[in-house]
Structures are given as structure tokens and as C-alpha cells.
Amino acid sequence: MTASSLSFRIAVLCVIAGMAMGIGMAVTQNHSIMPAHAHLNLLGWVSLFLFGIYYERRPALNASRLAMIQVLLWSVGTVILTIAVAAIHLGYTAADPVAGISSFMVLGAMLIFAYFVFRPASSGIEIQTHMTPAE
Ligand code: HEM
Ligand code: HEM
């Protein structure tokens, strides 16, 4: 399994859950968990899908263990953040420290991603250009 295929799979699971939450909010006319819905969709669906596209274009990075760890850390952080934020907005304020810890997991995963983006191109990353020999 590559980092991109893991990203795409988890992203799709997140948006299915996020859309179900959205429909649940609309049906019950209770939007109290809106921040959890927004972050599940934006961190879980949009951001993970963007990571997947980035990794897919860099085959060496895509096959690396650190990229896999980045995707897993981001995904676990997002799921915990979503549950904790929903709990807080449903009145379970004891979930506050859990939301805090998970936000640092997500930040940590973004710092790993920032390392990939900023490190010198000579560190083994190849960008797929899709050029044929005739080009
Ligand atoms: C079946 C699909 C969806 C339904 C039924 C749905 C429903 C809702 C509802 C009822 C709200 C609360 C609006 C409010 O109280 O002002 C909301 C907010 C939000 N939704 Fe969705 N949603 C869906 C999919 C998505 C997706 C796919 C995304 C992101 C890619 C998304 C992003 C957001 C965001 C960012 C907010 C917060 C907007 C704000 O700050 O006012 N939603 N959604
Ligand atoms: C460590 C990561 C993050 C933390 C701790 C965080 C925290 C927050 C907080 C506290 C709010 C205000 C919620 C409220 O007033 O009820 C908020 C709103 C929002 N955030 Fe984030 N955020 C994070 C990452 C992101 C990212 C990466 C995106 C987009 C890709 C995003 C998109 C939004 C949007 C659209 C809103 C307004 C909708 C809402 O109220 O839920 N956030 N965020």
C-alpha cells in the first residue's frame, strides 16, 4: 500500500461519515456539531485527498515509510479531533484536553508534510512528468 492510496481510501471514508453527519444535522435541524462536521470534511476529505495527489506525483516519497506515518498520524488525529469537538459541542466539556492533544497530532503531521515540501529536491524525490520519449 502506498501513502497516496491510503490517503484516498481514508479520505473517502471521512467524507461518507462527514456527509452522514451533515444530513443528520439537516434532518434534526440541530447544527450544534457543525464544527466537527466542517473539520472532518476539510481535514479528512479535502486535505487527505490533496496529500494523496501530492504523494502520487512523487513515487519515491509515495513508497516511503515516513509518508505513510504522516498520513496515519493526520488521519488518527482528525478522527479523534472530530469526536472530541462533537463531544464538546454536545456538552461534554471534559473532551477539551482530548481535542487539544489531537490538534497537536494534526499539527505534527502537517510539520512532517512541510518537511517534505521544503526539503531539497536532491533528497530522492522524483516528480512524475508523464512525458513520452517523443516529447
Ligand atoms: C451530504 C452532504 C452535506 C450536508 C447535508 C451538509 C450539511 C451541513 C450543514 C447542515 C451545515 C451547518 C450549516 C450552519 O449551521 O450554518 C454544514 C456546515 C458546513 N459544511 Fe457541510 N454538509 C455536507 C457536506 C459537506 C462537505 C463535503 C464539506 C467539505 C468539503 C462540508 C463543509 C462544511 C463546512 C466548512 C461547514 C461550516 C460552514 C460555516 O462555517 O458556516 N460539508 N454542512
Ligand atoms: C490543528 C488543527 C485545527 C484546529 C485546532 C482548528 C480549530 C478551529 C476552531 C477552534 C474553530 C472555531 C470553531 C467554533 O467557533 O465553533 C475553527 C473553525 C474553522 N476551521 Fe479550524 N482548526 C484546525 C484546522 C483547520 C483546517 C486545516 C481547516 C481547513 C482545511 C479548518 C477550517 C475551519 C473552518 C472552515 C472553520 C469555520 C467553521 C467552523 O466553525 O467549524 N480548520 N477551527
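In each ligand, atom 1 is the first atom listed, and ligand 1 is the first ligand listed. Position 1 is the first residue of the sequence, and the numbers go up from there. Values below: all heavy atoms of this structure, side chains included; hydrogens, waters and symmetry mates excluded.
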Exercise for review: Find all atoms of ligand 2 within a distance of less than 4.0 Å from any non-hydrogen atom belonging to Ser103, and give their numbers and elements.
Suggested key: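 Listed by number with element, the hits are 1 (C), 5 (C).
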Exercise for review: Just jot down the ligand 2 atoms closer than 4.0 angstrom to any heavy atom of Ala38, in number order.
Suggested key: 41 (O)
Practice item. Begin from the C-alpha positions of Gln70 and Tyr55 and carry the test side chain to side chain donor-acceptor pair (under 3.5 Å) through to its verdict. Key: CA-CA 11 Å; Gln70 191 274 334; Tyr55 290 138; 2.7 Å; yes
Check your understanding: With a 4.0 Å cut-off on heavy atoms, does His37 reach ligand 2?
Key ->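 Not so, His37 does not reach ligand 2.
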Review point. Could a heavy atom of Leu107 be found less than 4.0 Å from some atom of ligand 2?
Key: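 So Leu107 does not count as touching ligand 2.
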Review point. When hydrophobic residues are tied together by side-chain contacts of less than 4.5 Å, even through go-betweens, does Leu50 share a cluster with Val15?
Key: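 As far as the 4.5 Å side-chain criterion goes, Val15 and Leu50 are connected within one cluster.
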Which atoms from ligand 1 have a heavy atom of [X] less than 4.0 Å away?
| X | answer |
| --- | --- |
| Val46 | 30 (C) |
| Leu42 | 35 (C) |
| Met19 | 1 (C), 2 (C) |
| Ile23 | 1 (C), 5 (C) |

Check your understanding: Side chain, backbone, both or neither: which part of His31 has a heavy atom under 4.0 Å from ligand 1?
Key -> side chain
Exercise for review: For atom 8 (C) of ligand 2, grab the closest protein heavy atom and report residue, atom and distance to one decimal in Å.
Suggested key: His39 NE2, 3.7 Å
**Study point:** Closest approach of any protein heavy atom to atom 41 (O) of ligand 1, naming residue and atom
**Key:**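 Sorting protein heavy atoms by distance from atom 41 (O) of ligand 1 puts Met34 CE, 3.9 Å first.
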Practice item. Check whether any protein heavy atom sits under 4.0 Å from atom 12 (C) of ligand 2. Key: no
